[in-house]
Amino acid sequence: MSDSCLFCKIVSGEIQGTIVFRDDQATAFRDINPVGPTHILIVPNRHVASVNVLESDDEQLMGHLFKVAGQLANSEGIDQTGYRLITNTGPDAGQTIFHIHVHLIGGQPMKHPMG
Ligand code: 5GP
Ligand code: ZN
């Protein structure tokens, strides 16, 4: 837990979030500013700032975030229509919260190409 981290505070319950999934490793909650009909953030319960600081021990954890994302896509009813999983890293990508997270976005056709 990082004292100043917004997502650590949502994981701990100190700040309210619309939680849609939780287990011993990960928490998922709805984005406060959704860009599509489904916009969920999947985060590790433990503070990890970004992809830049991932260690070998985090490989299982990151796979778990994707597994949870797939399950949530199914429960949101967008697994067949499609969805995007995005992890922004650093300024050029527009990362604003430095607690690693996977955006699960779907429910409408998305713009191509990316970037
Ligand atoms: P990033 O830009 O770091 O990839 O994504 C951060 C995301 O966190 C943004 O999509 C933003 O809307 C979302 N966000 C920022 N503050 C809050 C908050 O207090 N609660 C929730 N649920 N989402 C937030
Ligand atoms: Zn954190």
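Counting convention: from 1, in listed order, for ligands and their atoms alike. In what follows, residues are counted from 1 in the order of the sequence shown.
- When ring centroids are compared, H101 and H103 come within the 6.0 Å threshold.
- H99 has its closest N, O or S atom to the Zn ion (ligand 2) at the position named ND1.
- Between Q25 and the choices L61, V68, L65, the side-chain contact (heavy atoms from CB on, under 4.5 Å) rule is met once, by L61.
- For F7 and F29, the ring centers are positioned less than 6.0 Å apart.
- When all heavy atoms of P44 and H99 are compared, the pair lying nearest together is O-NE2, 2.8 Å.
- Scanning the protein heavy atoms around atom 7 (C) of ligand 1, the nearest turns out to be D31 OD2, 3.5 Å.
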Stepwise side-chain contact (heavy atoms from CB on, under 4.5 Å) test for L104 and I86: CA-CA 7 Å; L104 165 61; I86 298 169; over 6 Å; no
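- Which parts of ligand 1 touch F29 is read off a 4.0 Å heavy-atom cut-off, strictly below it: atoms 22 (N).
- Ligand 1 lies less than 4.0 angstrom from a heavy atom belonging to G94.
- K9 has no carboxylate O lying under 4.0 Å from a charged side-chain N of D3, or vice versa, which leaves the two without a salt bridge.
- Counting protein heavy atoms only, atom 16 (N) of ligand 1 is closest to L6 CD2, 3.4 Å.
- Within 6.0 Å of CD in Q60 there are more than 12 heavy atoms belonging to other residues, nucleotides or ligands.
- For ligand 1 and N33, the ligand atoms under 4.0 Å from any heavy atom of the residue are 12 (O).
- A side-chain donor-acceptor contact under 3.5 Å links E76 and T38.
- Contacts of T87 with ligand 1, taken as heavy-atom pairs under 4.0 Å, are absent altogether.
- Heavy atoms of I86 stay at 4.0 angstrom or farther from ligand 1.
- Looking only at its N/O/S atoms, H47 has ND1 as the one nearest to the Zn ion (ligand 2).
- At the shortest separation from atom 3 (O) of ligand 1 among protein heavy atoms lies T96 N, 2.8 Å.
- Considering only non-hydrogen protein atoms, atom 22 (N) of ligand 1 sits nearest to R30 O, 2.9 Å.
- Residue contact check: I10 has heavy atoms under 4.0 Å from atoms 20 (N) of ligand 1.
- Heavy-atom minimum distance, A69 versus I42: CB-CD1, 3.6 Å.
- Look at F7 and you'll find a heavy atom under 4.0 Å from some atom of ligand 1.
- In summary, the atoms of ligand 1 found under 4.0 Å from a heavy atom of H101, numbered by their order in the structure, are 1 (P), 3 (O), 4 (O), 5 (O), 6 (C).
- Residue, atom and distance of the protein heavy atom nearest to atom 24 (C) of ligand 1 are I32 CG2, 3.4 Å.
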